[in-house]
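Here is the structure we will look at.
In the text below, chain A, chain B and the rest are named by the order of the sequence lines, each starting its count at 1. Remember, predicted model here, so these are calculated numbers, not experimental data.
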There are 2 protein chains.
Amino acid sequence: MPSPFTRPSSLPEPTVARLPVYQRIAREMVRRGRERADSETLGRLAGVAPATVRRDLAGLGSLGTRGAGYDVAVLAERIEEALGHHEHYDVILIGVGNLGHALVNSSNFLISGAELVGLYDVNPEVIGTDVAGHVVQDFMGELAPATLAVLCVPPSVAQDAADRVVEHNIHAILNFAPQVLSVPIGTAVRYVDFSIELQILAYQLTNGTGPLGGGLIHSLGISRNTPPRSA
Amino acid sequence: MPSPFTRPSSLPEPTVARLPVYQRIAREMVRRGRERADSETLGRLAGVAPATVRRDLAGLGSLGTRGAGYDVAVLAERIEEALGHHEHYDVILIGVGNLGHALVNSSNFLISGAELVGLYDVNPEVIGTDVAGHVVQDFMGELAPATLAVLCVPPSVAQDAADRVVEHNIHAILNFAPQVLSVPIGTAVRYVDFSIELQILAYQLTNGTGPLGGGLIHSLGISRNTPPRSA
DNA sequence: GGATGTGAAGTAGTTCACAGCC
DNA sequence: GGCTGTGAACTACTTCACATCC
């Protein structure tokens with residue numbers, strides 16, 4: 001046994017991005033009463049090569065059985081543990097416009113472990129209203145303590161909003177504004193930019209789909225953050 | 001139709017994902033009356049290393065000037081051309097729930113060149129209503145001809161919806177449902193999955209931010225599609 | 001027999017460092 | 001002098017192929 005203890009230290013980012021997909025598939029199989037699945041099956045459902053599935057899952061420790069594949073209940077559990085679903089995260093959301101509404105009302109948005117503890121806006125017409133059981137607060141007032149902030153504000157004020165949440169000791173930001181943010185070292189930012197996705201598709205349409213000029217049967221969108229040189 | 005002259009058959013996907021960011025920055029500079037910018041400045045604003053900026057832009061042809069940087073007007077123009085903003089795309093959106101609403105009403109969503117030509121749903125309460133100037137149609141009825149479909153439907157029906165748009169000769173799908181899709185070769189799919197992004201952040205929070213245990217000053221979220229082996 | 005886990009090979013993308021041109 | 005464009009080095013991830021173990 002080369003690794004005495006499962007190193008949670010750091011999985012490759014593409015792997016981390018695929019784990020939630022495996023998790024979803026495994027949970028669904030559990031729900032359907034299925035017990036085991038092999039890397040080929042998981043790969044087909046996730047749009048990933050079997051070898052990649054095995055390499056990804058091997059990173060969580062030896063949880064497969066040679067000759068028999070993976071126990072999907074164990075798999076789901078183990079992935080959830082690795083992703084930190086058993087921890088607790090307090091989440092605040094800034095900017096309760098159309099998108100903010102949509103996220104708050106989405107059943108797929110909040111993972112187990114994440115709890116929405118506050119909605120904020122600067123628009124007086126929105127402040128005080130009730131959205132999905134939360135009263136929208138003034139972003140310029142007091143903020144609830146949280147570990148993660150979701151930014152759904154216009155790009156022109158995204159940096160200001162980011163500065164403010166960083167001051168409130170939040171070290172993780174999910175930014176839906178099409179605006180690159182400047183944050184201190186130690187703060188993680190992830191971007192979701194619909195327009196970029198659309199543009200990539202448009203590019204692929206005009207330039208032939210896929211790297212091989214061919215196409216794809218399944219495909220899995222994964223993302224990662226690229227930190228610049230730190231020097 | 002592709003003109004093989006100045007068109008380098010296909011740019012790396014991470015490059016394509018960054019081009020919209022450079023474009024936005026360049027347009028903003030033009031708006032502010034600025035004429036030129038060097039790769040270091042662009043990189044700082046985009047959260048990307050200067051060398052990467054230069055390599056990305058070199059892929060569009062020689063559009064910089066040694067010693068003087070890039071003309072931002074030319075830059076914006078050239079990027080837009082490469083991304084296909086000068087082409088025309090008819091876009092349909094399936095699933096006019098909270099998220100569909102948010103997208104349709106977002107000023108950042110549709111790029112120049114993309115035109116929304118139809119909204120569809122299966123919910124009788126939604127069909128017939130007017131959303132942002134479009135009357136929602138029955139998804140089970142006739143579909144407007146389009147080149148690109150945006151899926152904002154629940155995951156349980158995402159595959160059915162995908163099958164249907166594929167039958168209607170659409171070869172590009174932007175899928176917001178947390179569901180991997182199976183589509184024929186030649187059809188491009190991109191995924192936007194909020195929950196995955198949140199989980200990646202949660203992972204980074206518990207496992208120290210960034211690959212080097214350090215952090216990041218700027219960061220740019222990029223995504224790509226990973227096609228499996230086509231066997 | 002059958003499928004995992006993993007060294008080794010392959011591939012893609014980033015960054016360095018400097019030649020080349022303004 | 002300054003900054004681009006790019007071969008070469010480096011780093012990261014994926015895929016192969018097979019020894020390993022159930």
dT14(C) base / Arg55(B) side chain donor-acceptor hit below 3.5 Å: no

Upstream residue (5' side of DNA chain C) when Ala68(A) and Ala58(A) are each assigned their closest nucleotide: Ala68(A)

Heavy-atom side-chain contact between Arg36(B) and Thr65(B) under 4.5 Å: yes

Nearest-nucleotide pick for Ala51(B), side chain only, options being dC3(D), dG5(C), dC16(C): dC16(C)

Point-to-point distance, once rounded to the nearest 0.5 Å, from CG of Leu19(B) to OH of Tyr22(B): 7.0 Å

Test item: Leu57(B) and Leu42(B) side chains (from C-beta on) under 4.5 Å apart, heavy atoms: yes

Aromatic ring pairing Phe194(A)/Phe194(B), orientation class (parallel under 30°, perpendicular over 60°, tilted between): tilted

Candidates dA3(C), dC22(C), dC18(C) - which lies nearest the side chain of Arg54(B): dC18(C)

d(CG, Leu42(B); C1', dT4(D)) in whole Å: 12 Å

Phosphate OP1/OP2 of dC22(C) contacted by Tyr70(B) side-chain N/O (<4.0 Å): no

Sugar-phosphate only, base, or nothing, as touched by Thr15(B) at under 4.0 Å among non-hydrogen atoms: nothing

Whole-Å distance separating the CG atom of Asp38(A) from the P atom of dG2(C): 12 Å

OP1 or OP2 of dT4(D) under 4.0 Å from side-chain N/O of Ser39(B): yes

Nucleotide dG1(C), atom P - distance to CD of Glu40(A) in whole Å: 19 Å

Partner of Leu83(B) by side-chain contact (heavy atoms from CB on, under 4.5 Å), out of His85(B), Glu87(B), His86(B): His85(B)

Position toward the 5' end of DNA chain D (nearest nucleotide), Thr52(A) or Arg66(A): Thr52(A)

Integer-rounded Å distance: dT6(D) P and Leu60(B) CG: 12 Å

Rounded distance (Å) that lies between atom P of dC22(D) and atom CZ of Arg36(A): 13 Å

Residue whose closest nucleotide on DNA chain D lies nearer the 5' end, Gly67(A) versus Pro12(A): Pro12(A)

Sugar-phosphate, base or nothing in reach of Leu63(A), heavy atoms under 4.0 Å: sugar-phosphate

Rounded distance (Å) that lies between atom P of dT14(D) and atom CD of Glu13(A): 11 Å

Whole-Å gap separating C1' (dT4(D)) and CG (Asp56(B)): 14 Å

Euclidean distance, atom OH of residue Tyr22(A) to atom P of dT4(C) [Å, nearest integer]: 12 Å

Residue Ser62(A), side-chain heavy atoms: nucleotide from dC13(D), dG5(C), dG13(C) that is nearest: dG5(C)

